[in-house]
Amino acid sequence: MDGQYPDSVRGPRSHPVGRRLLHRGRHGGAFDATSHIIGHGHSRIAFLGDTNEIPTTQGRIAGYEAALACHGIPVRDELVAMGVRDRRSAADAIAGLASLPTPPTAVFCSNARCTMAAIPALKPLGWAVVGFGDFPMADLLTPSITVVDQDPSALGSLAAGRILDRIDHPNRRYRRRTVLPVTLVTRDSCAAPAGSCAERRALGA
């Protein structure tokens, strides 16, 4: 198989079948999401993820850290919570963050499953939230959830087209890595920190 189809698609838990790699803009999307949160006045921003052993999460952590550095905000290890896979683990992670001497005021969730799992525990805290990956009814929640939107159908179409083209032209050279663009969909889940100047301006105080 590797000899026939050297192009590959890597999902969260899959392995490449060859030398080429197609993926979404995980670093840039995380950078934009974190920068968006910072733009609302937040400086203590938590990162929630499932595991940092896969390239997808590693790229998003890198984008998150790069955005903090770009805005002169130090990376704080205590604000990175991994192992979030369901509501219980999300609640445990968020309880740990909330118990810090200076808790975060915002959270970046590294994937849609993590975002959905975290919402029940986050809602009473009033923290700002941005998630990587849109999901059904994200726009109908209160507040509606700001997300980095990705198009899995575009990824599938590109991968399928690349494989078919590779069959027809086995000696053609391709770019080693193809990054598909993602889009920040802004909704209502990124209010300014409670009591901040930005919040007072928004309220007309």
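- A pairwise comparison of heavy atoms in Ala81 and Ala93 identifies CB-CB, 4.0 Å as the closest pair.
- The residue from Val84, Thr115, Val147 that alone fulfils the side-chain contact (heavy atoms from CB on, under 4.5 Å) condition with Cys109 is Thr115.
- With 3.5 Å as the limit, one finds a donor-acceptor pair spanning the side chains of Ser89 and Asp86.
- Hydrophobic clustering of Ile, Leu, Val, Met, Phe, Trp and Tyr side chains at less than 4.5 Å, counting indirect connections, keeps Phe31 apart from Ile45.
- For the pair Pro193 and His40, the tightest heavy-atom approach, listed with the atom from each and the gap, is CD-O, 3.4 Å.
- Atom OG1 of Thr56 is separated from atom CG of Asn111 by 9.0 Å, given to the nearest 0.5 angstrom.
- Contact detail for Cys190 and Val129: the closest heavy-atom pair is SG-O, 3.7 Å.
- Both Ile61 and Val107 belong to a common hydrophobic cluster when Ile, Leu, Val, Met, Phe, Trp and Tyr are linked at side-chain heavy-atom distances under 4.5 angstrom.
- Residue Ile145 holds its CD1 atom at 11.5 Å from CE of Met116, rounded to the nearest 0.5 Å.
- The backbone N or O of Thr146 sits less than 3.5 Å from a side-chain atom of Ser189, completing a donor-acceptor pair.
- Hydrophobic clustering places Phe47 together with Leu100 (ILVMFWY residues linked when any side-chain heavy atoms are closer than 4.5 Å, directly or through intermediates).
- Between the side chain of Thr57 and the backbone N or O of Thr51, at least one donor-acceptor pair lies under 3.5 Å.
- Between Leu68 and Ile38, the closest side-chain pair of non-hydrogen atoms falls below 4.5 Å.
- You'll find the side chain of Arg44 stays beyond 4.5 Å of the side chain of Pro103, heavy atoms only.
- Contact between Ser110 and Gly49 at its shortest, heavy atoms only, is OG-CA, 3.2 Å.
- Taking the six-membered ring where tryptophan is involved, the planes of Phe108 and Tyr64 are essentially parallel, since the angle between them stays under 30° and well short of 60°.
- Here the CZ atom belonging to Arg76 is positioned 8.0 Å from the OG1 atom belonging to Thr102, to the nearest 0.5 angstrom.
- Each of Arg113, Arg60, Arg85 was evaluated against Asp50; a single residue qualifies, Arg113, per the salt bridge (Lys or Arg N to Asp or Glu O under 4.0 Å) test.
- When atom types are taken as modelled, the side chain of Arg87 and the backbone of Pro120 share no donor-acceptor pair closer than 3.5 angstrom.
- A distance of 15.0 Å separates CZ in Phe132 from CG in Leu48, rounded to the nearest 0.5 Å.
- A heavy-atom distance below 4.5 Å is not found between the side chains of Trp127 and Ile37.
- Using a 4.5 Å heavy-atom threshold, the side chains of Asp134 and Arg187 count as touching.
- Separation of atoms OG (Ser35) and CG (Leu184) is listed at 9.5 Å; rounding is to 0.5 Å.
- Distance CD1/Ile119 to CE/Met137: 10.5 Å, rounded to 0.5 Å.
- Contact check for Lys123 versus Thr142: side-chain heavy atoms found under the 4.5 Å cut-off.
- In this structure, His27 contributes its side chain and Gln58 its backbone to no donor-acceptor pair below 3.5 Å.
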